[in-house]
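Hydrogens, waters and symmetry mates are skipped; everything else that's a heavy atom, side chains included, is used. Residue numbers begin at 1 in each chain, while the letters A, B, ... track the order of the sequences.
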Protein chains: 2
Amino acid sequence: MSADDLHHSVGARLREAEQQYTANRRAVVAVLAAARTPLTLPEILRADRSLAQSSAYRSLAVLVDAGVVHRLVHGNDYAHYELAEQLTQHHHHLVCDGCGTVVDVTLPTRVESAMDRSFEQAASRHGFTASRHSIDIHGLCTECR
Amino acid sequence: MSADDLHHSVGARLREAEQQYTANRRAVVAVLAAARTPLTLPEILRADRSLAQSSAYRSLAVLVDAGVVHRLVHGNDYAHYELAEQLTQHHHHLVCDGCGTVVDVTLPTRVESAMDRSFEQAASRHGFTASRHSIDIHGLCTECR
DNA sequence: TTGCTTGCAAATGATTTGCACTGCT
DNA sequence: AGCAGTGCAAATCATTTGCAAGCAA
């Protein structure tokens with residue numbers, strides 16, 4: 001997806017949520033789109049020095065609420081943020097237990113659909129209605145090996 | 001596993017970690033073993049009024065460190081704690097997006113091994129060494145439907 | 001003008017830690 | 001005696017929020 005298309009989609013989705021697509025929010029989206037991994041707040045601020053911390057948090061809250069951005073929590077440190085799957089593609093996370101780095105991975109469609117079927121069954125067995133799943137594969141990255 | 005066996009295993013594991021199995025730690029393990037779902041700290045304190053908050057946190061830290069207890073983080077509120085899989089069985093989590101409740105679910109062995117194979121491939125493609133995985137199935141529970 | 005957004009500084013709240021005391025070993 | 005564990009209260013730190021100023025509709 002081109003940068004134009006991306007901002008267009010995000011703008012549309014924000015309007016649906018009765019929110020404006022302001023310069024600050026656009027800047028946050030641009031930083032996340034440029035990154036190849038989910039970013040923490042300090043990383044976002046470092047990538048665009050013009051952003052104020054509280055405004056970045058507020059922009060992210062709006063974007064998360066509108067379903068444009070996803071918030072990942074893996075411990076007690078900073079949360080990681082990334083563009084929602086509708087804007088990129090369905091994927092999961094490789095989490096390094098050494099340094100906390102998070103990397104996106106995709107799985108074969110065959111595996112995904114087999115998992116989905118299995119998850120739905122498991123959920124309904126407990127009276128849940130499953131809507132989505134997220135998988136964290138923990139291990140060590142090249143650096144921490 | 002009987003309560004005796006459980007405490008015996010936990011004691012052994014703590015000794016390996018050069019830690020004592022004190023009354024407080026035993027109490028925390030007993031509360032977690034009695035629960036059928038992962039518990040938050042307030043829930044643990046409510047289940048055993050004799051525990052002090054800071055001591056409960058400290059006991060949990062030791063138990064997590066020794067690999068006896070697992071800590072689950074799903075948002076900004078309290079983390080959930082449960083006995084580690086070695087003491088129960090390998091499972092995943094059903095997370096209610098409405099009230100935050102977490103329930104354990106198990107998946108068919110066939111599905112688990114298919115996933116494991118797929119995860120290892122995905123990890124190695126990114127230079128990671130995968131050691132374990134955790135799956136959160138999000139949706140709504142009966143109450144929040 | 002009316003209301004949403006922003007930035008600063010201050011508040012919040014889950015978790016951690018300093019310290020003095022208790023209890024094993 | 002010496003060291004680990006405990007409980008209270010205070011500290012920490014990611015995140016949220018109050019408020020005054022800026023900006024858009």
Side-chain angles (χ1 to χ4, degrees), chain A residues 7 10-11 13-32 38-66 68-82 99-100 102, chain B residues 7 10-11 13-32 38-66 68-82 99-100 102:
Chain A
H7 286 299
V10 173
R13 194 173 281 259
L14 282 179
R15 272 190 298 284
E16 283 168 26
E18 304 190 345
Q19 293 283 351
Q20 310 174 25
Y21 196 22
T22 66
N24 256 324
R25 293 169 190 174
R26 194 177 281 264
V28 169
V29 168
V31 170
L32 294 180
L39 301 181
T40 63
L41 192 96
E43 287 167 344
I44 293 170
L45 297 183
R46 230 173 287 131
D48 185 338
R49 298 306 181 90
S50 71
L51 290 168
Q53 166 169 291
S54 64
S55 299
Y57 271 120
R58 271 196 266 238
S59 294
L60 286 167
V62 169
L63 294 167
V64 168
D65 220 57
V68 171
V69 167
H70 225 89
R71 183 175 192 263
L72 319 171
V73 193
H74 289 116
N76 271 346
D77 45 352
Y78 294 95
H80 287 79
Y81 299 88
E82 68 176 355
C99 60
V102 181
Chain B
H7 287 299
V10 173
R13 193 173 282 260
L14 282 179
R15 272 189 298 285
E16 282 169 28
E18 303 191 346
Q19 292 285 351
Q20 310 174 25
Y21 196 21
T22 66
N24 257 326
R25 294 170 189 174
R26 193 177 283 262
V28 169
V29 168
V31 169
L32 294 181
L39 300 180
T40 63
L41 192 97
E43 288 167 343
I44 293 170
L45 297 184
R46 230 174 286 133
D48 186 337
R49 299 305 181 92
S50 72
L51 291 168
Q53 167 168 290
S54 64
S55 299
Y57 272 119
R58 270 197 267 236
S59 294
L60 286 167
V62 170
L63 294 167
V64 168
D65 219 57
V68 171
V69 167
H70 224 91
R71 182 175 192 263
L72 319 172
V73 194
H74 289 115
N76 272 345
D77 46 351
Y78 294 96
H80 286 79
Y81 298 89
E82 68 176 356
C99 60
V102 182

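With rounding to whole Å, B:Y78 atom OH is found 15 Å from C:dT12 atom P. Distance CD1 (A:I44) to P (D:dA14): 14 Å, rounded to an integer number of Å. Going from atom CD of B:E43 over to atom P of C:dT15 covers 12 Å, rounded to whole Å. When the P atom of D:dA24 is taken as reference, atom CD of A:Q19 falls 17 Å away, rounded to whole Å. In this structure, CG of A:D77 is placed 14 Å from C1' of C:dA14, rounded to the nearest angstrom. Atom CG of B:L51 is separated from atom C1' of D:dC8 by 15 Å (rounded to the nearest Å). Atoms OH (A:Y21) and P (C:dT6) sit 12 Å apart, rounded to a whole Å. Between the CG atom of A:L60 and the C1' atom of C:dT5 there is a distance of 15 Å, given to the nearest Å.
Contact check, A:R58 against D:dT17: no side-chain N or O comes under 4.0 Å of OP1 or OP2.
The shortest side-chain heavy-atom distance between B:L41 and B:Y57 falls under the 4.5 Å cut-off. Considering only heavy atoms from C-beta on, A:L39 stays 4.5 Å or farther from A:Y81 through its side chain.
Closest-nucleotide positions on DNA chain C for A:E18 and B:L41 were compared, and the one nearer the 5' end corresponds to A:E18. Of the two residues near DNA chain D, B:N76 and B:Q53, the one whose nearest nucleotide lies more 5' is B:Q53. Place B:Q20 and B:S55 on DNA chain D by their nearest nucleotides, and B:Q20 ends up nearer the 5' end.
For B:N24, the side-chain atoms get nearest to D:dT6 when compared with the rest of D:dT15, D:dT6, C:dG7. Comparing D:dG7, C:dT5, C:dC8 against the side chain of A:T22 picks out C:dT5 as the nearest. Comparing C:dT15, D:dT16, D:dC8 by their closest approach to the side chain of A:Y57 singles out D:dT16.
Under the 6.0 Å cut-off for aromatic ring centres, B:Y21 and B:H7 qualify, their centroids lying closer than that.
Applying the 3.5 Å distance criterion, the base of D:dG5 shares no donor-acceptor pair with the side chain of B:R26.
For B:L51 against B:L45, the heavy-atom pair with the smallest separation is O-CD2, 3.8 Å.
Within the 4.0 angstrom heavy-atom criterion, only backbone atoms of the sugar-phosphate kind lie near B:A79; the bases stay farther away.
A donor-acceptor pair under 3.5 Å is formed between the side chain of B:R25 and the backbone N or O of B:Q20.
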